[in-house]
Amino acid sequence: MKRFRRLFEKFIEGILLSSSTITSLTVILIVLFLFREGLGIFNRSPLEHNFIIAVSKQNPVQDLSSDQLKAIFNQDITNWSQVGGKNDSIILFTVNDITNYFTEEELGASLEYLPQKLNEFIVSHPGALMHISDKNLPSDFQGHTIHVKNISVKDFLFGKQWYPTSEPIPSFGIWPMIIGTFLVTLGALLIALPLGLATALFLAEVADIRLRNIVKPLVELLAGIPSVVYGFFGLIVIVPMVQSTFKLDVGETVLAGSLVLGIMALPTIVTIAEDALRTTPRSLKEASLALGATRWQTLRRVTIPYAKSGISAAIILGIGRAIGETMAVLMVTGNASNVPHSFLVPARTLPATIAAELGEAPYGGLHFKALFALGIVLFLFTIMINLTVAYVRNKERK
Amino acid sequence: MIQAEAKNVNFYYGDFHALKDISMTFEPSSVTALIGPSGCGKSTFLRLFNRMNELIGNTRLEGLVTVDGKNIYDKDVQVDEIRKRIGMVFQKPNPFPKSIFENVAYGLRVNGINKKSILDEVVESSLKKAALWEEVKDNLKKSAMALSGGQQQRLCIARALAVEPHLLLMDEPASALDPISTAKVEDLIFELKKQYTIIIVTHNLQQAGRISDYTGFFYLGSLIEHDKTQKMFLNPADERTQSYITGRFG
Ligand SMILES: Nc1ncnc2c1ncn2[C@@H]1O[C@H](COP(=O)(O)OP(=O)(O)OP(=O)(O)O)[C@@H](O)[C@H]1O
Ligand SMILES: [Mg+2]
């Protein structure tokens, strides 16, 4: 009997151990996956897989930056001398243009002569810039490939352009989204903090217990509403309101996002701050009051300082909720990809971009990887927030 | 002359009748001990004198409570003004999580007194009165939480004395302390009574006998007997007092 019990305890222990192992492994795997996919965008050519930029052998230009390439394809740069080459105008060429130079018969029924014709083309057009797949190149290719500068972390973080699908060179600058996320979050906090903290103070210190027992669960209920509902509410109520109040052309703005997120962050802030305020021992408040301090003096000098770290945690977790929120923001901020310069213009945020674009990004492609890199940035933000919470909480315990 | 008085006081927690028609007077510079079995209403009675019971919702008071001849429950009375003149020391030491200095200075600061020289002076004299000065004078910036229980309680006494109260309310101030700290606090009370009127709740009858001039015996919300301590202990008038003092219940 005793033996059996010991065996049973071992068994339970084993289950607990394996459960926690599985959980930890899953978390680690997800993070690894995120980083593996996301980091794949860096230190590689911004051209899609297999594609190259090629020029004539006589062309002295060896490498080009993505910006230069974009300018060339947008015809802002039309002469090789502008990028350090000879004075010769640039002839843009992609594989579809081949029919402008050769007849279908010359190319062959199944394009079997295409590589050879490409060779002929590059020889006869020394000013050409070709954007082609290296599969189509002949083995004795008469041109040379241009080295395109790799996507750097700096360009990714601080680039102002996000055109993930533009041909031939996509742009992966997430600065507008970082600023968008920052502004929307900041706005949400400016709205939610005063309101949330005031509500927490009211519930913890002013409201009588019966009122509190009604209001607190209501506030907590707010946290359980799915974010699409908030988004819908924002779209129907807040967006038109913002639009008419500020007489804007569009109501989908940073401000609308901030308002919706602010409302969403309220329950977190109210609940945690109220709990923190309640941890202040009654004996300390009584000591203060007994010394002739007024209720507000007691609040300011005893209750709030005592609850300070809990209140900070409430604030930080409120930010956390706001930063990571996707749906609601996606619905009400308009998703323009410019760097927002005020609260009254459309913007997009990191999570909203991921949510909106992941479905249409081809698996394994550059765009797909870029979205994972966005995920990494977001992940680092939230990690930072959580570490701050842990730090603050830790200080509280001391 | 009378420093504080309760006249036909009834007190209710909701429907619960916690104090029943209590009348009691307190002379200046005297120590009155309130004794009685647990739950008989001693703390409730004590807390009437600085209106602490008001912090609890759904309570009701009938009768008159006066301090320095003034009804402290009058409509025109500012409760925080009243409390400034009435110090309170609680059963468990409850220093603020601040420095020793700031604990003692607290009552002055909430009064708008922030001048360093005044604060320094008051902190020192209060700590001296509370017999704590010698132990902490080099460490005034240290957190009060780092003091021992007995030191914390004397700090709380110093904190209460700093605002120069007329009346000092003490609710079992030594019950959480070891015998040595208790002796120190008792000596202190003995000293303080020269200047202050003290009402002290205690479960320790020897203590009541040692330090008090008057004793009131509470039982089930009523004041059974109130007399000179010596008389009460040697020759109580009521037989319930007799049995409590001789340890037959409580
Ligand atoms: N906040 C409250 N709400 C309801 N009833 C209370 C409250 N505080 C005290 N009471 C009741 O009032 C009665 C007197 O309480 P009180 O604390 O004054 O007793 P006490 O004599 O100080 O007891 P002890 O010696 O245990 O401290 C008790 O029956 C108690 O249950
Ligand atoms: Mg008591």
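- Nearest approach of A:Leu299 to A:Pro305, heavy atoms of both residues: O-CD, 4.0 Å.
- Taking all atoms of both residues into account, the shortest heavy-atom contact from A:Gly187 to A:Phe343 is CA-CE2, 3.8 Å.
- More than 12 non-hydrogen atoms from other residues, nucleotides or ligands lie less than 6.0 angstrom from CZ of A:Phe202.
- With ring centers used as reference points, B:Phe11 lies 6.0 Å or more from B:Phe45.
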At a cut-off of 3.5 Å, what donor and acceptor atoms pair up between chain A and chain B?
{"residue": "A:Ser283", "atom": "O", "partner": "B:Asn94", "partner atom": "ND2", "Å": "3.0"}
{"residue": "A:Glu286", "atom": "OE1", "partner": "B:Arg47", "partner atom": "NH1", "Å": "3.3"}
{"residue": "A:Glu286", "atom": "OE2", "partner": "B:Arg47", "partner atom": "NH2", "Å": "2.9"}
{"residue": "A:Ser288", "atom": "OG", "partner": "B:Tyr106", "partner atom": "OH", "Å": "2.6"}
{"residue": "A:Gln297", "atom": "NE2", "partner": "B:Val110", "partner atom": "O", "Å": "2.8"}
{"residue": "A:Arg301", "atom": "O", "partner": "B:Lys98", "partner atom": "NZ", "Å": "3.0"}

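- In this structure, chain A has a heavy atom under 4.5 Å from the backbone of B:Pro95, while its side chain stays farther away.
- Atom CZ of A:Phe35 has more than 12 neighbouring heavy atoms from other residues, nucleotides or ligands inside a 6.0 Å radius.
- Within the 4.5 angstrom heavy-atom criterion, only backbone atoms of B:Ile86 (N, CA, C, O) approach chain A.
- For the pair B:Phe90 and A:Ala287, the tightest heavy-atom approach, listed with the atom from each and the gap, is CE1-CA, 3.9 Å.
- When all heavy atoms of A:Leu235 and A:Val332 are compared, the pair lying nearest together is N-CG1, 3.6 Å.
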